[in-house]
Number of protein chains: 2
Amino acid sequence: MNDTMKYRKSRQRERILEILHGTKSHPTADTIYIELKSEFPDLSLGNVYRNLNILMDQGHIQRLDFGSTFNRFDGNPHIHSHFICEKCGSVSDLEIDHKDQAEIAGLADKSGLRKISRYKLDFYGICEKCIH
Amino acid sequence: MNDTMKYRKSRQRERILEILHGTKSHPTADTIYIELKSEFPDLSLGNVYRNLNILMDQGHIQRLDFGSTFNRFDGNPHIHSHFICEKCGSVSDLEIDHKDQAEIAGLADKSGLRKISRYKLDFYGICEKCIH
DNA sequence: CTGGATGCAAAGGGTTTGCACGTTT
DNA sequence: AAACGTGCAAACCCTTTGCATCCAG
(Lines give C-alpha, C1' and ligand atoms only; values in the text may rest on other atoms or scores of the structure.)
Protein backbone atom coordinates (compact mmCIF):
# COMPACT_ATOMS: atom_id res chain seq x y z
CA MET A 1 0.00 0.00 0.00
CA ASN A 2 1.23 3.46 -0.80
CA ASP A 3 -0.16 6.89 -1.42
CA THR A 4 -0.22 6.57 -5.20
CA MET A 5 -3.24 4.34 -4.81
CA LYS A 6 -6.53 6.08 -4.88
CA TYR A 7 -9.32 5.22 -2.55
CA ARG A 8 -12.99 5.77 -3.02
CA LYS A 9 -15.27 7.09 -0.37
CA SER A 10 -16.81 4.57 1.95
CA ARG A 11 -19.35 5.22 4.64
CA GLN A 12 -17.80 2.60 6.87
CA ARG A 13 -14.35 4.13 6.59
CA GLU A 14 -15.73 7.59 7.25
CA ARG A 15 -17.42 6.38 10.40
CA ILE A 16 -14.30 4.64 11.64
CA LEU A 17 -12.38 7.86 11.28
CA GLU A 18 -15.15 9.80 12.99
CA ILE A 19 -15.08 7.40 15.90
CA LEU A 20 -11.34 7.74 16.25
CA HIS A 21 -11.62 11.51 16.08
CA GLY A 22 -14.37 11.52 18.65
CA THR A 23 -12.72 9.52 21.39
CA LYS A 24 -9.65 9.67 23.53
CA SER A 25 -9.84 6.03 24.42
CA HIS A 26 -7.55 4.67 21.70
CA PRO A 27 -9.85 1.77 20.89
CA THR A 28 -8.96 -1.60 19.46
CA ALA A 29 -10.20 -2.78 16.08
CA ASP A 30 -12.68 -5.00 17.81
CA THR A 31 -14.06 -2.17 19.92
CA ILE A 32 -14.64 -0.11 16.81
CA TYR A 33 -16.23 -3.11 15.14
CA ILE A 34 -18.66 -3.62 18.02
CA GLU A 35 -19.52 0.05 18.10
CA LEU A 36 -20.33 0.14 14.39
CA LYS A 37 -22.05 -3.22 14.21
CA SER A 38 -25.42 -1.75 15.16
CA GLU A 39 -25.06 0.89 12.50
CA PHE A 40 -23.88 -1.56 9.83
CA PRO A 41 -25.36 -4.92 10.76
CA ASP A 42 -23.40 -6.70 8.05
CA LEU A 43 -20.11 -5.14 9.01
CA SER A 44 -17.21 -7.55 9.26
CA LEU A 45 -14.20 -7.26 11.51
CA GLY A 46 -11.98 -7.89 8.52
CA ASN A 47 -13.32 -4.80 6.87
CA VAL A 48 -12.61 -2.72 9.96
CA TYR A 49 -9.01 -3.86 9.78
CA ARG A 50 -8.86 -3.14 6.07
CA ASN A 51 -10.12 0.36 6.60
CA LEU A 52 -7.85 1.01 9.54
CA ASN A 53 -4.93 0.08 7.31
CA ILE A 54 -6.16 2.40 4.60
CA LEU A 55 -6.62 5.25 7.07
CA MET A 56 -3.06 4.68 8.25
CA ASP A 57 -1.87 4.67 4.68
CA GLN A 58 -3.65 7.96 4.16
CA GLY A 59 -1.92 9.33 7.22
CA HIS A 60 -5.12 10.02 9.10
CA ILE A 61 -4.53 7.73 12.05
CA GLN A 62 -1.78 5.75 13.68
CA ARG A 63 -1.52 2.31 15.18
CA LEU A 64 -0.30 2.06 18.74
CA ASP A 65 1.15 -0.97 20.37
CA PHE A 66 2.26 -1.34 23.88
CA GLY A 67 3.14 -4.98 24.07
CA SER A 68 -0.32 -6.39 24.44
CA THR A 69 -1.53 -8.99 22.00
CA PHE A 70 -3.73 -6.50 20.20
CA ASN A 71 -3.18 -3.04 18.81
CA ARG A 72 -4.92 0.20 19.53
CA PHE A 73 -5.63 3.01 17.13
CA ASP A 74 -5.27 6.72 17.51
CA GLY A 75 -7.12 9.36 15.52
CA ASN A 76 -4.16 11.66 15.95
CA PRO A 77 -1.54 10.65 13.40
CA HIS A 78 1.19 12.78 14.91
CA ILE A 79 3.74 11.24 17.20
CA HIS A 80 2.92 11.91 20.80
CA SER A 81 3.38 10.23 24.13
CA HIS A 82 0.93 8.00 25.93
CA PHE A 83 0.32 6.85 29.42
CA ILE A 84 -0.64 3.20 29.81
CA CYS A 85 -2.25 2.05 33.03
CA GLU A 86 -0.74 -1.26 34.01
CA LYS A 87 -3.79 -2.17 36.01
CA CYS A 88 -6.78 -1.42 33.78
CA GLY A 89 -4.98 -1.18 30.47
CA SER A 90 -6.37 2.22 29.62
CA VAL A 91 -4.35 4.45 27.33
CA SER A 92 -4.38 8.20 27.54
CA ASP A 93 -2.56 10.98 25.78
CA LEU A 94 0.22 12.71 27.58
CA GLU A 95 1.20 16.22 26.72
CA ILE A 96 4.86 17.07 26.56
CA ASP A 97 6.12 20.60 26.04
CA HIS A 98 7.63 21.40 22.71
CA LYS A 99 10.75 22.49 24.48
CA ASP A 100 11.05 19.15 26.23
CA GLN A 101 10.40 17.30 23.03
CA ALA A 102 13.33 19.03 21.45
CA GLU A 103 15.48 17.95 24.36
CA ILE A 104 14.49 14.35 23.96
CA ALA A 105 15.14 14.41 20.25
CA GLY A 106 18.53 15.82 21.09
CA LEU A 107 19.43 12.91 23.32
CA ALA A 108 19.54 10.55 20.44
CA ASP A 109 21.89 12.69 18.42
CA LYS A 110 24.50 12.32 21.09
CA SER A 111 24.86 8.69 20.34
CA GLY A 112 26.38 8.25 17.00
CA LEU A 113 26.21 7.75 13.35
CA ARG A 114 22.65 6.68 12.90
CA LYS A 115 20.06 8.83 11.21
CA ILE A 116 17.21 9.18 13.62
CA SER A 117 13.84 10.11 12.23
CA ARG A 118 11.56 9.79 15.21
CA TYR A 119 11.22 8.57 18.73
CA LYS A 120 8.54 6.98 20.81
CA LEU A 121 8.21 7.87 24.46
CA ASP A 122 5.53 6.19 26.52
CA PHE A 123 4.93 6.09 30.22
CA TYR A 124 3.57 3.22 32.29
CA GLY A 125 2.03 3.24 35.71
CA ILE A 126 -1.26 3.38 37.54
CA CYS A 127 -3.94 5.75 36.37
CA GLU A 128 -5.95 8.10 38.48
CA LYS A 129 -8.94 5.77 38.66
CA CYS A 130 -6.96 2.70 39.63
CA ILE A 131 -4.78 4.43 42.16
CA HIS A 132 -7.50 4.44 44.81
CA MET B 1 3.31 -17.11 36.71
CA ASN B 2 4.79 -15.33 39.66
CA ASP B 3 7.88 -15.40 41.76
CA THR B 4 6.47 -17.67 44.43
CA MET B 5 6.88 -20.50 41.96
CA LYS B 6 10.11 -22.34 42.09
CA TYR B 7 11.91 -23.42 39.01
CA ARG B 8 14.37 -26.24 38.60
CA LYS B 9 17.52 -25.98 36.63
CA SER B 10 17.27 -26.75 32.96
CA ARG B 11 20.11 -26.92 30.50
CA GLN B 12 17.97 -25.46 27.75
CA ARG B 13 16.96 -22.50 29.86
CA GLU B 14 20.55 -21.88 30.92
CA ARG B 15 21.66 -21.83 27.31
CA ILE B 16 18.89 -19.44 26.30
CA LEU B 17 20.03 -17.04 28.97
CA GLU B 18 23.66 -17.46 27.93
CA ILE B 19 22.76 -16.65 24.37
CA LEU B 20 20.88 -13.54 25.39
CA HIS B 21 23.78 -12.46 27.57
CA GLY B 22 26.24 -13.08 24.80
CA THR B 23 24.66 -11.05 22.05
CA LYS B 24 23.61 -7.51 21.40
CA SER B 25 21.30 -8.48 18.59
CA HIS B 26 18.08 -8.77 20.59
CA PRO B 27 17.06 -12.00 18.89
CA THR B 28 13.57 -13.34 18.33
CA ALA B 29 12.36 -16.57 19.90
CA ASP B 30 12.74 -18.27 16.57
CA THR B 31 16.32 -17.10 16.13
CA ILE B 32 17.20 -18.53 19.52
CA TYR B 33 15.41 -21.73 18.61
CA ILE B 34 17.38 -22.12 15.40
CA GLU B 35 20.63 -21.38 17.15
CA LEU B 36 20.02 -24.03 19.81
CA LYS B 37 18.51 -26.63 17.52
CA SER B 38 21.91 -28.07 16.61
CA GLU B 39 22.79 -28.34 20.26
CA PHE B 40 19.44 -29.85 21.28
CA PRO B 41 18.12 -31.64 18.21
CA ASP B 42 14.80 -32.34 19.89
CA LEU B 43 14.28 -28.77 21.01
CA SER B 44 10.85 -27.34 20.30
CA LEU B 45 9.99 -23.75 19.65
CA GLY B 46 7.26 -23.99 22.26
CA ASN B 47 9.83 -24.80 24.88
CA VAL B 48 11.91 -21.80 23.90
CA TYR B 49 8.86 -19.64 24.48
CA ARG B 50 8.15 -21.33 27.78
CA ASN B 51 11.66 -20.70 28.97
CA LEU B 52 11.71 -17.12 27.76
CA ASN B 53 8.58 -16.53 29.82
CA ILE B 54 10.18 -18.12 32.85
CA LEU B 55 13.32 -16.05 32.43
CA MET B 56 11.16 -12.95 32.27
CA ASP B 57 9.31 -14.05 35.35
CA GLN B 58 12.64 -14.47 37.09
CA GLY B 59 13.58 -10.98 36.03
CA HIS B 60 16.59 -12.05 34.02
CA ILE B 61 15.48 -10.81 30.64
CA GLN B 62 12.89 -8.57 29.08
CA ARG B 63 10.67 -8.76 26.06
CA LEU B 64 10.88 -5.96 23.56
CA ASP B 65 8.28 -5.07 21.02
CA PHE B 66 8.43 -2.41 18.45
CA GLY B 67 5.28 -3.00 16.51
CA SER B 68 6.46 -5.86 14.38
CA THR B 69 4.48 -9.06 14.42
CA PHE B 70 7.08 -10.81 16.53
CA ASN B 71 8.86 -9.92 19.74
CA ARG B 72 12.52 -9.65 20.50
CA PHE B 73 14.26 -10.52 23.73
CA ASP B 74 16.92 -8.68 25.65
CA GLY B 75 19.33 -10.22 28.13
CA ASN B 76 19.41 -6.94 29.97
CA PRO B 77 16.30 -6.76 32.14
CA HIS B 78 16.75 -3.11 33.02
CA ILE B 79 14.81 -0.48 31.17
CA HIS B 80 16.93 1.14 28.53
CA SER B 81 16.42 2.73 25.16
CA HIS B 82 16.79 1.11 21.77
CA PHE B 83 17.38 2.20 18.26
CA ILE B 84 15.38 0.39 15.60
CA CYS B 85 16.48 0.57 11.99
CA GLU B 86 13.44 1.05 9.83
CA LYS B 87 15.21 -0.43 6.85
CA CYS B 88 16.86 -3.62 8.09
CA GLY B 89 14.93 -4.07 11.31
CA SER B 90 18.01 -4.36 13.47
CA VAL B 91 17.73 -3.32 17.09
CA SER B 92 20.61 -1.87 19.06
CA ASP B 93 21.03 -0.49 22.52
CA LEU B 94 21.21 3.23 22.95
CA GLU B 95 22.96 4.75 25.88
CA ILE B 96 21.36 7.67 27.60
CA ASP B 97 23.06 9.59 30.38
CA HIS B 98 21.72 9.11 33.85
CA LYS B 99 21.21 12.83 34.03
CA ASP B 100 19.12 12.82 30.90
CA GLN B 101 17.14 9.87 32.11
CA ALA B 102 16.20 11.77 35.20
CA GLU B 103 15.00 14.60 33.03
CA ILE B 104 12.81 12.34 31.00
CA ALA B 105 11.34 10.75 34.06
CA GLY B 106 10.60 14.23 35.28
CA LEU B 107 8.61 15.14 32.19
CA ALA B 108 5.90 12.73 33.11
CA ASP B 109 5.48 14.09 36.59
CA LYS B 110 4.48 17.42 35.15
CA SER B 111 1.36 15.96 33.76
CA GLY B 112 -0.89 15.02 36.53
CA LEU B 113 -2.30 12.66 39.00
CA ARG B 114 -1.08 9.35 37.67
CA LYS B 115 1.52 7.26 39.38
CA ILE B 116 4.21 6.63 36.84
CA SER B 117 6.48 3.67 37.38
CA ARG B 118 8.51 3.55 34.21
CA TYR B 119 8.86 4.87 30.72
CA LYS B 120 9.91 3.49 27.40
CA LEU B 121 11.89 5.63 25.02
CA ASP B 122 12.89 4.20 21.67
CA PHE B 123 14.32 5.80 18.59
CA TYR B 124 13.64 4.91 14.99
CA GLY B 125 15.66 5.71 11.91
CA ILE B 126 18.29 4.33 9.59
CA CYS B 127 21.28 2.53 11.03
CA GLU B 128 24.88 3.08 10.12
CA LYS B 129 24.99 0.13 7.75
CA CYS B 130 21.85 1.02 5.88
CA ILE B 131 22.60 4.68 5.56
CA HIS B 132 25.04 4.14 2.70
C1' DC C 1 -18.70 0.27 -17.15
C1' DT C 2 -14.45 -0.06 -14.17
C1' DG C 3 -12.24 -0.85 -10.21
C1' DG C 4 -12.31 -0.06 -5.37
C1' DA C 5 -15.20 -1.69 -1.09
C1' DT C 6 -17.51 -5.32 1.47
C1' DG C 7 -18.94 -9.76 3.79
C1' DC C 8 -17.77 -14.18 4.57
C1' DA C 9 -14.90 -17.62 5.68
C1' DA C 10 -10.52 -19.44 5.54
C1' DA C 11 -5.78 -18.87 6.05
C1' DG C 12 -1.63 -16.73 8.39
C1' DG C 13 1.69 -16.36 11.89
C1' DG C 14 3.51 -15.69 16.39
C1' DT C 15 2.64 -17.56 20.89
C1' DT C 16 0.50 -20.59 24.27
C1' DT C 17 -1.07 -24.94 26.13
C1' DG C 18 -2.73 -29.98 27.07
C1' DC C 19 -0.83 -34.30 27.42
C1' DA C 20 2.27 -38.03 28.11
C1' DC C 21 6.94 -38.84 28.94
C1' DG C 22 11.54 -37.52 30.72
C1' DT C 23 14.42 -35.48 34.31
C1' DT C 24 15.77 -33.03 38.50
C1' DT C 25 15.63 -32.97 43.47
C1' DA D 1 8.28 -40.54 44.59
C1' DA D 2 6.83 -35.75 43.56
C1' DA D 3 6.85 -32.10 40.61
C1' DC D 4 8.98 -29.46 37.22
C1' DG D 5 10.81 -29.64 32.26
C1' DT D 6 10.22 -31.17 27.48
C1' DG D 7 8.54 -32.50 22.75
C1' DC D 8 4.78 -32.72 19.99
C1' DA D 9 0.86 -31.12 18.10
C1' DA D 10 -3.17 -28.73 18.56
C1' DA D 11 -5.26 -24.65 20.00
C1' DC D 12 -5.39 -19.53 20.45
C1' DC D 13 -6.01 -15.00 18.96
C1' DC D 14 -5.35 -11.07 16.39
C1' DT D 15 -4.91 -9.86 11.73
C1' DT D 16 -4.79 -10.59 6.80
C1' DT D 17 -6.55 -12.33 2.47
C1' DG D 18 -9.11 -14.76 -1.57
C1' DC D 19 -13.29 -14.63 -3.75
C1' DA D 20 -17.76 -13.39 -5.33
C1' DT D 21 -20.68 -9.57 -4.94
C1' DC D 22 -21.78 -4.71 -4.24
C1' DC D 23 -21.35 0.03 -5.09
C1' DA D 24 -19.01 4.61 -6.02
C1' DG D 25 -17.36 7.53 -9.71
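Here the structure is a predicted model, which is why all the values come from computation and not from measurement. Within every chain, numbering begins at 1; the chains are lettered A, B, ... in the order of the sequence lines, protein sequences first and strands thereafter.
For A/D30 and B/Q12, each mapped to the nucleotide of DNA chain D holding its nearest heavy atom, the one lying further toward the 5' end belongs to B/Q12. Two residues, A/S44 and B/T28, neighbour DNA chain C, and the one matched to the more 5' nucleotide by heavy-atom proximity is A/S44.
Side chain of A/D65 to backbone of B/G67: a donor-acceptor contact under 3.5 angstrom is found. Between the B/R72 side chain and the B/S25 main chain, a donor and an acceptor come within less than 3.5 Å of each other. Without hydrogens or angle criteria, A/N76 side chain to A/H78 main chain gives a donor-acceptor distance under 3.5 Å. For the pair A/N51 (side chain) and A/N47 (backbone), a donor-acceptor distance under 3.5 Å is present.
Nucleic acid contact for A/L43: sugar-phosphate only, since backbone atoms but no base atoms lie under 4.0 Å from a heavy atom of the residue. Among the protein residues, B/R63 comes within range of the sugar-phosphate backbone only, with heavy atoms under 4.0 Å from sugar or phosphate atoms but none that close to a base.
Checking the phosphate oxygens (OP1, OP2) of C/dT6, a side-chain nitrogen or oxygen of A/N51 falls inside 4.0 Å. Contact check, B/N71 against C/dG14: no side-chain N or O comes under 4.0 Å of OP1 or OP2.
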Summary of protein contacts for nucleotides 19-25 of chain C, nucleotide by nucleotide, where a base hit scores B, a sugar-phosphate-only hit scores S (4.0 Å, heavy atoms): ----BBS
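Counting to the nearest Å, the C1' atom of D/dA24 and the CZ atom of A/R11 are 14 Å from each other. The CG-P distance, from B/L45 to D/dA10, rounds to 16 Å in whole Å. In this structure, CD of A/E14 is placed 14 Å from C1' of D/dC23, rounded to the nearest angstrom. What separates CG of A/D65 from P of D/dC13 is a distance of 20 Å, to the nearest Å. C/dA5 atom C1' lies 14 Å from atom NZ of A/K6, rounded to whole Å. If you take CZ of B/F66 and C1' of C/dG14, they are 17 Å apart, rounded to a whole angstrom. For A/N47 and C/dC8, the CG to C1' distance is 11 Å, given to the nearest whole Å. Between the CD1 atom of A/I32 and the C1' atom of D/dC14 there is a distance of 14 Å, given to the nearest Å.
Within a 6.0 Å sphere centred on NZ of B/K37, other residues, nucleotides and ligands contribute more than 12 heavy atoms.
Here the nucleotide nearest the side chain of B/F70, chosen from C/dG14, C/dT6, D/dG5, is C/dG14. Listed candidates were D/dC8, C/dG7, C/dA5. Nearest to the side chain of B/D42 is D/dC8.
Within the cation-pi definition used here (under 6.0 Å to the ring centroid, within 45° of the axis), A/R118 qualifies as a partner of B/Y124.
Side chain to side chain, B/H82 and B/D74 meet the donor-acceptor criterion of an N or O pair below 3.5 Å.
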